[in-house]
Amino acid sequence: MTVDRTVEAEPGVGPDIEAWRRSVAGVLAKSRRVSPDELGERPEDLLAIRTEDGVTIRPLYTSADVVPEQPLPGQFPFTRGGDPLRDVNRGWSVMARFGVNERDPEAVNESILAALESGTSALWLAVGGDNLPVEAIDRALKGVLLDLAPLTLDAGDQAGVAANAVLALLDARAREGDGVTDRSRVSIGLGAAPLTTLFANDHSPGVDLPGAVRLAATAVNREETIRALMVDATVFHDAGSSDAQEIGAACAAGVEYVEAMLEAGLSIDHALGQIEFRFAATDDQFQSTAKFRAARQVWARVADVFEARDAGAAPQHAVTSSAMMTQRDPWVNMLRTTVAAFGAGVGGADTVTVLPFDAALPAGALGVADSFSQRIARNTQLLLIEESNLGRVLDPAGGSWYVEKLTSDLAHAAWAVLQSIDAAGGYSAVVESGWLRGKIEAVRAHRETEISRRKIKLTGVNEFPDSAEKPLPVGADGTVPDRLPAGRVFRYAEPFEKLRNRSDRHLAENGSRPTVFLAPLGPLAEHNIRTTFIANLLGSGGIEAVNPGAVESSGLADAARQSGTTVAVICGTDKRYAQEAPDAVRALREAGMTSVMLAGPQSAYPDENTDVSPDAYLGAGIDAVAALAELLDTLGVQ
């Protein structure tokens, strides 16, 4: 984790950066076995991390990284938030989704009212298709005070019909006298998203751009506060985009909406007032905080280009990332969504939705009711708001050298993406040509490589897997069904989870998991690091490690014969390998091991013994997915 930290030379004196650098050089030189002088004048650069957007994350931020102070919340460019008067007791709005795969309006209504009584403060209603019927919207919202609980629609190919149904409901309530004296307090998002839906589904959305513009024209003449257009940037995130691509593509879609509304005769202020954004929040806490701040900066700049800078504060809806959710060790998803909600809330999102921790699994797969996972999702936010008091301060990260610099760098990267889309013909052109998807797929491929090499660590998946985890219901296609948007979400954990699925099938068919024998060399203190590393690596592919503990070299063959497997991995120190590894390879092969591997890089094995070299080397940085898939093949796992 990167933190703001300075090194004081003495009380009252500024930071002694050179002293800190000497300390850094000393530590790095020791680990790299070089002289500190060989590390250059800025040894800390060796600790820097580059994000998928090319933004450099440094290990230390100081006053040298200060960026110009941002204006107060509610002022251009809205980096610190669009609402200067947000209720500090309420914080952001806690939004939950209703109506998904539920066609009974009375049941939906019961769920909504119960959630509102338990702390939910905003509603996200899925209608059409297998969800709540459009004609039942009024019954589902019976007793719901829409001036207290903002409503957002998600109607897919019935967006236009659903929007008209909600507007008709508002008219009926007004005629009947619903007690709302200030109708502007009724906040509705009609959720028309033809441009981002086009990217997600590769086909024409239910409401086209002209139809969405007509909805916007209707909305601006309403007494209620209604925004017709949703720029759902989660479709880019789910496809594998970087944060800058997500923001840049979203703003490019927003530009196209604004231009279409201007052509239809709406004023620039009305056009900008019809747009809201939905972004994904991940378990990268600071990156998520910077994303929401940077997204407001970029959109404010767009409004400035349209000469309406004061109208550039579009609402933001944060949804915890579907892509980061795992099927293996899914309880860790509670931690992931907590960090994501924290990042979004601190970043100034107006509304936050936390996905249930078991959203990537079939209903009931963990033996818990949907009401339990929904309650955990809701209470995650309530704890952050009411017990951690995160909503009591607007932009609490403001002024942090690290967050301010990260926000600025990310905003510049996102603006560059927006400019490249404009240069390539605009949003619709780059979607229809496949240009945008190609750019995003390149980022996704790089991320998948980093995950496969375990440089990006997924707890419970490619790091610290639970070998005793209950098997999941694997389908005929080798995958476990989930409840995320079909065909849209590329989850980070999928490559490793497919390996674990193979192991589950093997367990079901044979009564045991595939196993590999660990051949430890030397005492426990010597081999423990590498036996632990290999057991962790094998576990991420659903392979159990048989570790006999410290054994004499003469007893290694007998231990291997008793292991019940034909694959072995030799584990020890480089020094021990030079002394004993060749003999260990011979002994293991004589004991019936058809494949003998070595824990560590090839350079750790003595060159003069190439005639008895291991079959493979399992070291840090290998393509673990490929290595484990090949190992499962060797073990006869289908």
Side-chain angles (χ1 to χ4, degrees), residues 328-329 452-454 457-471 496-507 510-553 555-573 576-577 580-581 584-585 587-589 591-601 604 614-637:
R328 300 294 169 164
D329 207 355
S452 294
R453 296 185 180 280
R454 303 204 300 171
K457 302 184 186 305
L458 307 177
T459 302
V461 181
N462 65 2
E463 284 287 346
F464 310 112
D466 181 5
S467 59
E469 189 173 14
K470 178 182 176 182
F496 281 95
E497 289 176 345
K498 288 179 179 178
L499 300 175
R500 299 276 288 275
N501 294 344
R502 291 176 63 181
S503 176
D504 280 356
R505 288 198 303 272
H506 187 273
L507 174 63
N510 300 277
S512 63
R513 293 196 182 277
T515 58
V516 165
F517 175 68
L518 301 189
L521 301 183
L524 177 64
E526 285 189 14
H527 67 68
N528 186 56
I529 291 177
R530 276 181 166 150
T531 53
T532 300
F533 168 78
I534 293 299
N536 193 24
L537 171 65
L538 296 175
S540 66
I543 302 170
E544 290 186 355
V546 180
N547 187 350
V551 296
E552 296 292 334
S553 57
L556 199 60
D558 288 339
R561 292 188 188 95
Q562 296 171 16
S563 67
T565 183
T566 58
V567 176
V569 181
I570 299 172
C571 302
T573 62
R576 183 69 64 171
Y577 287 161
E580 301 180 12
V585 172
L588 290 168
R589 285 179 176 157
M593 296 291 116
T594 59
S595 178
V596 178
M597 294 173 283
L598 188 87
D615 299 293
Y617 298 88
L618 303 178
I622 65 168
D623 185 337
V625 170
L628 291 169
E630 184 177 351
L631 186 51
L632 287 172
D633 291 340
T634 300
L635 292 167
V637 178

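Along the sequence shown, the residues carry numbers beginning at 1.
- Partners of Glu630 by salt bridge (Lys or Arg N to Asp or Glu O under 4.0 Å), not counting sequence neighbours: none found.
- When all heavy atoms of Gly539 and Pro465 are compared, the closest pair comes out as C-CG, 3.4 Å.
- Annotation: the span from Thr531 atom OG1 to Leu538 atom CG amounts to 11.0 Å, rounded to 0.5 Å.
- Using a distance-only test at 3.5 Å, with no hydrogens or angles considered, no donor-acceptor pair links the side chain of Glu463 to the main chain of Arg454.
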Original post:
What's the verdict on side-chain contact (heavy atoms from CB on, under 4.5 Å) for Leu598 and Tyr577, showing C-alpha distance, side-chain angles and the deciding distance?
Top reply: CA-CA 9 Å; Leu598 188 87; Tyr577 287 161; 3.7 Å; yes
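- In this structure Ser452 satisfies the side chain to side chain contact (heavy atoms under 4.5 Å, CB included) test together with Asp623, Val625, sequence neighbours excluded.
- Side chain of Tyr617 to main chain of Ile622: no donor-acceptor pair is present (N/O by atom type, distance under 3.5 Å, no hydrogens or angles).
- A pairwise comparison of heavy atoms in Val546 and Ser563 identifies CG1-CB, 4.1 Å as the closest pair.
- Taken from CG in Leu628 to CG in Leu635, the straight-line distance is 10.5 Å, to the nearest 0.5 Å.
- The line from NE2 of His506 to CD1 of Ile543 is 10.0 Å long, rounded to the nearest 0.5 Å.
- Counting only residues at least two apart or on different chains, the salt bridge (Lys or Arg N to Asp or Glu O under 4.0 Å) pairs with a member in residues 515-531 are Glu526-Arg576, Arg530-Asp574.
- Shown here are the side chain to side chain contact (heavy atoms under 4.5 Å, CB included) partners of Ala584, two or more places apart in sequence or in another chain: Leu521, Leu556, Ile570.
- With values rounded to the nearest 0.5 angstrom, Phe533 atom CZ is found 7.5 Å from Leu618 atom CG.
- Checked against side chain to side chain contact (heavy atoms under 4.5 Å, CB included), Asp504 has the following partners two or more places apart in sequence or in another chain: Arg328, Pro471, Leu472, Val474, Arg513.
- Looking at Ser540, its side chain never comes within 3.5 Å of a backbone N or O of Asn462 through a donor-acceptor pair.
- Atom OG1 of residue Thr566 and atom CG of residue Leu588 lie 12.0 Å apart, to the nearest 0.5 angstrom.
- By the 4.0 Å N-to-carboxylate-O rule, Arg500 lies too far from Asp466 to be salt-bridged with it.
- Atom OG1 of Thr573 and atom CG of Asn528 lie 12.5 Å apart (nearest 0.5 Å).
- Partners of Arg453 under the salt bridge (Lys or Arg N to Asp or Glu O under 4.0 Å) rule, at least two apart in sequence or in another chain, do not exist in this structure.
- A donor-acceptor distance shorter than 3.5 angstrom exists from the side chain of Asn547 to the backbone of Gly549, with no hydrogens or angles considered.
- The closest side-chain heavy-atom distance from Met597 to Val567 is below 4.5 Å.
- The two residues Ser503 and Gly542 make their nearest non-hydrogen contact at OG-O, 2.6 Å.
- The main-chain N or O of Glu544 is never found under 3.5 Å from a side-chain atom of Ser467 such that the two would form a donor-acceptor pair.
- Heavy-atom minimum distance, Leu537 versus Ala624: CD1-CB, 3.7 Å.
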